[in-house]
**Student:** 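One structure coming up, written as structure tokens, with questions to follow.
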Amino acid sequence: MSFFEIQGLRMHYATSRGRVKAIRGVDLKMDKGQALGLAGESGCGKTSLGLSILRLLPNNAHITRGRILFHGEDLLRKSEEEMRRIRWKYISMVFQSAMNALNPVYRVGDQIVEAILAHEDITKDEAKERVSELFSLVGLDPGRAGQYPHEYSGGMRQRAVIAMALACHPELLIADEPTTALDVIHQKQIIEKMDELREKLGMTMIYITHDIAIISETCDVMAVMYGGKIVESSKVRDLLRRPMHPYTQGLIRSIPPLHDSVGRLTSIEGEPPSLLSPPRGCSFNPRCAYSRDICRTSEPPLRQLNGGLVACHFAEEIPWP
Amino acid sequence: MGIIEYARTSIKENWSLFRRSRMGLLGLAILAFFAFLALLAPIPRLIDDMYHPMVGVDPEISYSTPPSLRHPMGTDFMGRDLLSQFLSGAQIAFAVGITAAVISVLIGTAIGLTSGYYGGKVDALLMRLADIVLVLPGLPFIIVIAAALGKMSIWIIVLLIALLGWPGVARVIRAQTLSLRERPFVEAARVAGAGDRRILLHHLAPNVLPLTFLYAALGVSGAILTEASLSFIGLGDPSVVSWGMMLQWAFTTGHTFRAPYWILPPGLAISLLSLSFYLVGRALEEIINPRLREP
Amino acid sequence: MYRYLLHRILQIAITMFLLIAMVFILFRVMPGDPASMVLDPKMPPEAKALMKKQLGLDEPIYSQFIIYMKNLLHGDLGRSFYYGRPVYDVIMERLPNTILLFTSATIISWGLGYALGKRIAWRRGTRFEHALTFMGLLFYSVFLPWFGLIMIWIFSYRLGLFPLGGMITPELWTAGGAGIIALVLDVLHHLALPLFVLTLLSFAGAMLLMRSSMLETLREDYILTARAKGLSEKVVRDKHAARNALLPMVTALALSLSFSMSGGVLTETVFSWPGLGKEIVSATLNYDYPLAQAAFIFLAAIVLMANLVADIIYAYLDPRIRY
């Protein structure tokens with residue numbers, strides 16, 4: 001039994017224009033203590049996947065198939081009350097727009113105390129004590145716990161949100177683009193801090209980001225999402241050294257190399273597929289330089305190759321310099 | 001794309017959105033019903049002089065009577081036909097409501113555009129003015145003006161309602177203009193040599209147009225209710241047969257608790273017609289602001 | 001916070017001053033003899049001449065205005081033509097009655113509107129929401145004086161549950177011997193129906209405002225955070241969503257106060273509630289200019305004061321202003 005596993009998950013949003021199929025069959029497996037980087041362009045279903053795990057999807061979202069197993073138990077079959085107890089205590093999340101994740105009318109410290117008291121039977125003073133520890137842990141002055149979010153800078157809010165996510169010592173932390181709103185220096189600090197904390201606390205972590213550089217620095221395994229599916233996954237080192245899926249290759253080409261600035265930088269042509277009516281066959285085919293007839297008719301399954309998984313009919317033939 | 005074709009497709013698109021709102025359709029149905037009644041208003045007096053809503057009196061009746069064949073909705077205290085008064089009331093309600101709403105939306109749009117486009121001192125001055133009018137208690141204000149003027153004509157009432165109604169519109173249009181002003185197409189027009197006037201009228205005004213429709217629809221309700229209130233308390237135009245006036249006649253001649261056939265229809269009509277404009281307004285709002293729609 | 005409030009108080013003071021000036025000018029520029037707007041026509045000519053001099057009616061308009069403002073500040077609002085006594089006395093008798101009706105209706109309707117508005121927004125798309133929203137629109141657009149009459153007809157005239165109008169039963173008060181509790185109950189008995197009607201009108205507006213404000217707030221990220229924290233639905237709804245939705249609602253409600261005051265005037269008139277609203281209508285119908293002017297100024301003052309209260313509440317609720 002693995003620590004955390006997603007099996008054949010499918011989810012769509014019912015909208016007035018039709019069904020937006022945000023997740024179209026996702027399988028994922030994680031061991032305890034692992035860090036998984038989930039990469040992909042915006043609108044490929046990454047965030048929806050994160051929200052599905054905590055069952056925080058809006059009312060018009062419908063999970064039609066699949067299982068989300070945490071310690072072997074299907075989260076999708078839990079009652080709302082059971083799920084409420086699992087949230088934050090066992091699985092917590094740092095949201096994409098961490099800037100607005102704090103409620104403007106309450107003191108930052110109180111918002112963290114609130115989360116602790118919702119799950120643990122301790123006194124308010126003990127909870128406050130823990131907030132101070134958490135603040136020091138993420139590099140914030142504990143004296144600022146009594147201030148309001150508007151008195152914080154962007155970087156401080158970000159740290160506070162991370163401190164809040166760690167408040168109940170969760171086993172699994174989902175971080176959805178935790179640093180996009182910040183400048184580069186703060187980004188680096190926060191990423192390093194999170195990585196350090198993960199190792200110290202032995203947390204399992206899912207890192208949702210479009211930034212492959214971050215994944216390469218912090219994660220063990222990496223999965224690439226495209227059009228509501230995982231198209232490739234493998235150990236980070238393997239995947240970066242020899243990406244097999246043309247989309248992954250495109251993603252990697254579009255990041256500037258860290259060490260030399262000579263390499264060519266290219267972006268992927270075209271737009272991510274419409275999840276309202278995804279293309280037939282391989283969903284990447286309209287943008288793929290290697291696409292052939294079969295790519296337009298038959299959907300490639302995710303299959304074992306070179307120690308990783310890839311969903312491409314021609315993965316063996318596609319070169320990587 | 002020609003302007004007519006553009007208008008046609010945009011009407012088609014918006015209509016298909018509007019149709020999805022059940023409340024909006026209900027509002028439109030009520031509105032159409034009363035519009036039909038308003039169109040019928042001139043007919044009774046053509047049939048017989050006694051059906052004139054103001055001066056026509058049934059020669060055989062000199063008191064209020066319940067509905068009969070001769071007077072399907074009954075007669076008032078001096079034998080005037082209530083049906084023809086009711087139809088006339090529909091006509092007045094539309095005339096007052098629409099005129100007042102259109103004027104106040106025009107003023108509001110002009111002020112909102114000016115304020116948002118020029119900014120600075122002009123903006124500050126106009127918005128302070130709007131703030132003042134906004135906190136002015138409307139009905140007492142019109143009453144005190146009625147006190148100063150001595151007697152009111154329906155057009156003065158319409159004008160006063162319009163003069164009180166513009167600040168809400170102006171604020172929203174101003175906010176919209178502020179955000180439009182920063183859009184590339186305005187910059188492009190300026191670079192192409194367009195003057196302020198041209199930018200305001202040709203580039204900004206068309207873009208705030210949908211909002212003005214919304215406020216016009218909501219404004220009609222308010223205007224109808226205000227005119228009816230004034231007539232009801234005895235400060236309306238005595239030469240106009242409106243629904244509020246019908247109620248006032250019933251009230252002052254002591255028929256309040258005796259003549260349901262006289263009291264009920266005008267009050268219901270005022271309420272329903274103002275409701276219908278609100279419903280239509282809300283449906284329009286959902287089209288303009290997709291965030292309000294249910295997913 | 002104090003800077004913010006000071007700013008608002010100043011703004012309200014300026015608004016009040018402009019309103020008074022406007023009313024003053026309105027009654028001076030009307031065609032005909034301006035003195036007829038100020039002086040009781042029943043007054044003997046000698047007294048009239050004396051008053052004319054006192055009020056500076058022969059002097060230029062700005063010095064008239066200075067005299068007018070001075071008198072106003074001293075509580076001298078002229079004499080009521082109709083009652084034949086100082087306008088100030090009449091106003092002071094009526095003012096508490098209007099404040100009683102208006103404030104209780106406002107407080108009840110805001111409270112109810114808040115409580116129901118947050119619930120219908122939370123249960124968006126359900127039948128409960130559609131029904132209550134429609135009901136809200138219905139009350140919001142009902143023709144208030146007519147609705148009041150229907151209420152009197154049913155509950156007072158037919159069922160005899162409430163008095164037909166007024167604020168007190170005169171016999172009870174003049175006879176003496178009635179305890180304070182009986183007197184309070186008598187007022188409450190008279191208050192019930194007008195309060196109900198006025199509340200219904202403002203409640204509908206408050207509920208619809210709270211609904212849309214809540215719907216906006218529910219889209220905020222901190223609501224998602226609150227849910228992710230494993231807080232119960234009720235805590236997310238009340239402590240996180242509704243608390244924030246309250247801020248724009250207070251602003252919007254403050255602006256709707258002038259609308260509620262119009263409703264108050266109509267309610268008082270229909271229920272013969274002896275307040276400023278009823279007085280402004282009858283003063284106008286009786287050509288009692290000084291009283292009509294004063295009643296308007298005080299009605300506007302009530303609205304402005306209520307606005308100030310709303311500002312204070314807002315400042316208290318929003319830490320971004322409080323600190």
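A quick note: this is a predicted structure, and the numbers were derived from the prediction, not measured. Below, chain A is the first sequence line, B the second, and so on; all start at residue 1. Because only heavy atoms are used, hydrogens play no part in the values below, and waters and symmetry mates are left out as well, while side chains stay in.
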**Student:** Quick check: closest heavy atoms across C:Thr133 and B:Arg282, and the distance to 0.1 Å?
**Tutor:**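 Residues C:Thr133 and B:Arg282, closest heavy atoms: CG2-NH2, 3.4 Å.
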**Student:** Show the nearest heavy-atom pair for residues C:Phe27 and B:Val144, with the distance to one decimal.
**Tutor:**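 That would be CZ-O, 3.6 Å.
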**Student:** Is any side-chain heavy atom of B:Leu225 closer than 4.5 Å to one of C:Phe259?
**Tutor:**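 No; the side chains remain at least 4.5 Å from each other.
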**Student:** Supply the atom-to-atom distance B:Ile270 CD1 to C:Leu144 CG, rounded to the nearest 0.5 angstrom.
**Tutor:**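 One gets 11.5 Å once the value is rounded to the nearest 0.5 Å.
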**Student:** How far apart are the closest heavy atoms of C:Trp146 and B:Leu247, and which atoms are they?
**Tutor:**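 Distance-wise, the nearest heavy atoms are CD1-CD2, 3.8 Å.
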**Student:** Kindly compute the distance separating CG (B:Leu134) from CG (C:Leu255), expressed to the nearest 0.5 Å.
**Tutor:**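 CG of C:Leu255 is found 4.5 Å from CG of B:Leu134.
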**Student:** Go through the atoms of C:Leu137 and report whether side chain, backbone, both or neither lie under 4.5 Å from a heavy atom of chain B.
**Tutor:**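 It is both, since atoms from each part get that close.
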**Student:** Enter the distance from C:Ile14:CD1 to B:Arg128:CZ here, rounded to the nearest 0.5 Å.
**Tutor:**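 These two atoms lie 9.5 Å from each other.
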**Student:** Indicate the atoms forming the closest heavy-atom contact of B:Pro137 with C:Ala300, along with that distance.
**Tutor:**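 Between these two residues, the closest heavy atoms are CG-CA, 3.8 Å.
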**Student:** Can you establish whether the number of heavy atoms outside B:Phe213 located under 6.0 Å from its atom CZ is more than 12?
**Tutor:**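 It does not: B:Phe213 CZ has 12 such atoms or fewer within range.
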**Student:** Test your reading of the model: is there a side-chain donor-acceptor pair from C:Ser141 to the backbone of B:Ser274, 3.5 Å cut-off?
**Tutor:**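 No; zero donor-acceptor contacts below 3.5 Å.
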**Student:** Need one label for C:Ile154: side chain, backbone, both or neither, based on atoms under 4.5 Å from any heavy atom in chain B.
**Tutor:**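 Answer is neither: C:Ile154 stays 4.5 Å or more from chain B.
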**Student:** In Å, rounded to the nearest 0.5 Å, how long is the span from CG of B:Leu136 to CG of C:Leu304?
**Tutor:**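 One gets 9.0 Å once the value is rounded to the nearest 0.5 Å.
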**Student:** Does a side-chain heavy-atom distance below 4.5 Å link B:Leu275 with C:Leu138?
**Tutor:**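 Side chain of B:Leu275 against side chain of C:Leu138, heavy atoms only: contact under 4.5 Å found.
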**Student:** Using a 4.5 Å cut-off on heavy atoms from C-beta on, say whether the side chain of C:Trp153 contacts that of B:Pro260.
**Tutor:**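 They are in side-chain contact.
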**Student:** Just verifying a value: how many Å separate C:Thr284 OG1 and B:Ile233 CD1, rounded to the nearest 0.5 Å?
**Tutor:**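 One gets 8.0 Å once the value is rounded to the nearest 0.5 Å.
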**Student:** Are B:Phe232 and C:Thr269 close enough that some pair of their side-chain heavy atoms sits under 4.5 Å apart?
**Tutor:**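 The answer is no, as the side chains (C-beta and beyond) never meet within the 4.5 Å cut-off.
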**Student:** Test side-chain contact (heavy atoms from CB on, under 4.5 Å) on C:Phe134 and B:Leu279 and set out the steps.
**Tutor:** CA-CA 9 Å; C:Phe134 188 70; B:Leu279 291 176; 4.2 Å; yes
**Student:** Compare every heavy atom of B:Val135 with every heavy atom of C:Ser258, then report the nearest pair and how far apart it is.
**Tutor:**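 Smallest heavy-atom distance, with atoms named: CB-O, 3.8 Å.
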**Student:** Checking heavy atoms, do the side chain of C:Val142, its backbone, both or neither come under 4.5 Å from chain B?
**Tutor:**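 Both backbone and side chain.
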**Student:** At a heavy-atom separation under 4.5 Å, does C:Phe147 approach chain B through its side chain, its backbone, both, or neither?
**Tutor:**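 Neither part.
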**Student:** Do you know the tightest heavy-atom contact between B:Ile143 and C:Ile280?
**Tutor:**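 Shortest heavy-atom contact: CG2-O, 3.8 Å.
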**Student:** Rounded to the nearest 0.5 Å, what's the gap from CH2 on B:Trp243 to CZ on C:Phe143? Could you check?
**Tutor:**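 Spacing of CH2 (B:Trp243) from CZ (C:Phe143) equals 11.0 Å.
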**Student:** Quick one, B:Phe257 and C:Ile152 - any side-chain contact, counting heavy atoms below 4.5 Å?
**Tutor:**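 They are in contact (side-chain heavy atoms under 4.5 Å apart), so the answer is yes.
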